[in-house]
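Take a look at the structure below.
What you see below is based on every heavy atom in this structure, not just the backbone, and it leaves out hydrogens, waters and symmetry mates. Nothing here was measured: the structure is a model prediction, and the numbers come from that model. To find a chain, count down the sequence lines: A is the first, B the second, and so on, and within it residues start at 1.
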2 protein chains.
Amino acid sequence: MSPSITLERITALLRQKGYKLTRQRRAVLQVIVTSHDHMTPSKIHEKVQKIDPSVGLVTVYRTLEILTGAGLICRVHTDRTSRSYLLRRPHGHHHHLICSDCGRVVDFTDCNLHRLEKRLAAETGFRTEDHILEFFGCCSLCQETAATKEEDRA
Amino acid sequence: MSPSITLERITALLRQKGYKLTRQRRAVLQVIVTSHDHMTPSKIHEKVQKIDPSVGLVTVYRTLEILTGAGLICRVHTDRTSRSYLLRRPHGHHHHLICSDCGRVVDFTDCNLHRLEKRLAAETGFRTEDHILEFFGCCSLCQETAATKEEDRA
DNA sequence: ATCCGAATTGAAAAGGATTTTCAGTTAGAT
DNA sequence: ATCTAACTGAAAATCCTTTTCAATTCGGAT
C-alpha cells in the first residue's frame with residue numbers, strides 16, 4: 001500500500017520544488033487536506049478565512065494554480081460555472097464518485113476503459129489520448145440518511 | 001435506423017413547444033446543424049454573423065439556452081473556460097470523441113459502464129445516477145494529415 | 001539572531017463569460 | 001391588416017478569474 005497523502009509530504013514536495021511555505025499556503029493546504037468534498041476557490045477561501053482571516057481570495061487562486069501544477073490536487077468536472085478542486089489522494093490515473101447531495105468524493109483507480117477505447121478506435125478510426133470520467137449519485141452515508149428520514153415519516 | 005436530425009425536424013419541435021421561429025434563431029440553428037465541431041457561444045455568434053450580421057451575442061446565448069432545454073443540443077465537457085455546444089445527433093444516451101486538433105466530434109452510444117457502476121456500488125456503497133464521459137484524441141482525418149506532413153518532411 | 005533578495009502577498013483594477021434589464025420590434029394567431 | 005405576447009439588441013450588471021503593483025515576508029547566507 002502506498003503511503004497516504006499528508007500535510008508533511010505535501011509541504012516537503014513544495015519546498016523541494018522551490019516554493020516558499022507561507023502562512024497563507026499552509027492554511028489553504030490544511031483546508032484541502034482535511035476535506036473529502038470538492039470545493040470551489042470561493043468555498044476554500046471561506047474555510048481558509050476561519051483559520052486566518054487575512055488571507056485573500058487571490059492568494060487562494062494562486063495557491064490552487066501551484067498545487068494543480070505540482071499534481072497535488074485535481075480539478076473536478078461538474079456542470080457548475082465555478083471550478084472545483086480536490087486533494088489528489090490516489091497517486092496515478094483515477095476518477096471520482098461525486099455525491100450530489102453532500103459533495104463528498106470517493107476515488108477509484110481502475111476505470112478499465114481500454115477495451116472501449118480499442119473498440120471505438122476500430123469503429124471510428126479515432127485515436128484516443130485522454131478521457132474525462134466522473135460519476136454522480138448518492139454516497140452510502142446520504143443513502144442511510146435518506147432511509148432514516150423515510151422511516152421517520154412512516 | 002432512426003431519422004437524422006434536420007433543420008425541419010428541429011424547427012417543427014420548437015414550434016410545437018410554442019417558440020417563435022425568428023430570423024435570428026434560424027441563423028443559429030443553421031450554424032449548429034451544419035457543424036460537426038463543438039463551438040463556444042462566441043464562435044457560434046461569429047458564424048451566425050456571416051449569415052446575418054445584425055444578430056447579437058445575447059440572442060445566441062438565449063437560443064442556446066432554449067435548445068439545451070429542449071434537448072436539441074449538448075454541452076460538451078472540456079477544460080476550457082468557455083462552454084461548448086454541439087448538435088445532439090443521437091437520440092438517447094451518448095458520449096463524444098473529441099478531436100483535440102480540429103475540434104470535430106464523433107458520437108457513440110454504447111458506453112457500457114453498467115458493469116463498472118455495479119462494481120463500484122459493491123465496493124463503495126455509492127449509488128450512481130449519472131456520469132460524464134468524454135474522450136479526447138486525434139480523429140482519423142487529422143491522423144492522415146499528420147502522416148502526410150511526416151512524409152513531406154522525409 | 002540579523003540581513004538580504006527574490007518570491008509572495010492583498011487590494012484594486014482589468015478581463016472575459018454570462019445574465020439581467022428595458023424599451024423597441026416582430027412572429028404568427030385572429 | 002391587427003394585436004399581443006414573445007422576442008430582440010444594447011447597455012449594464014454579475015460572476016469568476018487574472019493581472020498589476022507597491023508593500024511584505026520567507027528562508028538562505030552571514
Please state how far atom CG in B:Leu64 lies from atom C1' in C:dA17, giving the value in whole angstrom units. 13 Å
Touch class at under 4.0 angstrom, heavy-atom based, for B:Ser54 against every strand present: sugar-phosphate
Taken to the nearest whole Å, OH/A:Tyr61 to P/C:dA11 is 16 Å
Taking any heavy-atom pair under 4.0 Å as a contact, classify A:Thr40: base, sugar-phosphate, or nothing. nothing
5' precedence on DNA chain D between B:Gly18 and B:Val58 (nearest-nucleotide basis): B:Gly18
Give one of base, sugar-phosphate or nothing for A:Arg62, where a contact means two heavy atoms less than 4.0 Å apart. base
Any side-chain donor paired with an acceptor under 3.5 Å for A:Arg23 and A:Ser54? yes
d(CD, B:Glu65; C1', C:dA17) in whole Å: 14 Å
Under a 3.5 Å cutoff, is there a donor and acceptor pairing between the side chains of B:Glu134 and A:His77? no
Single-linkage hydrophobic cluster, 4.5 Å side-chain cutoff, B:Val28 and B:Tyr85 together: yes
Check: A:His95 side chain, A:Leu133 main-chain N or O, donor-acceptor pair, under 3.5 Å: yes
Between C:dT19 (P) and A:Arg80 (CZ): distance, integer Å: 14 Å
Rounding to a whole Å, what distance do you find between B:Arg26:CZ and D:dT8:C1'? 16 Å
OP1 or OP2 of C:dT18 sitting under 4.0 Å from any side-chain N/O of B:Ser82? yes
Does B:Arg83 or B:Tyr19 map to a spot on DNA chain C nearer the 5' end, using the closest nucleotide for each? B:Arg83
d(CZ, A:Arg25; P, C:dA7) in whole Å: 11 Å
As a quick check of understanding, evaluate salt bridge (charged side-chain N to carboxylate O under 4.0 Å, His left out) for B:Arg62 and B:Glu65, giving each step before the final call. CA-CA 5 Å; B:Arg62 284 189 282 228; B:Glu65 195 182 345; over 6 Å; no
Presence of A:Thr22 side-chain N/O under 4.0 Å of C:dT9 phosphate oxygens OP1/OP2: yes
Taking for each residue the nucleotide of DNA chain C bearing the nearest heavy atom, is the 5' side occupied by B:Lys20 or by A:Gly56? A:Gly56
Whole angstrom is fine here: how far is it from CG in A:Leu57 over to C1' in D:dC15? 12 Å
B:Arg23 vs D:dT8: side-chain N/O to OP1/OP2 distance below 4.0 Å: no
Length of the line joining A:Lys17:NZ and C:dA7:C1', which is rounded to integer Å: 17 Å
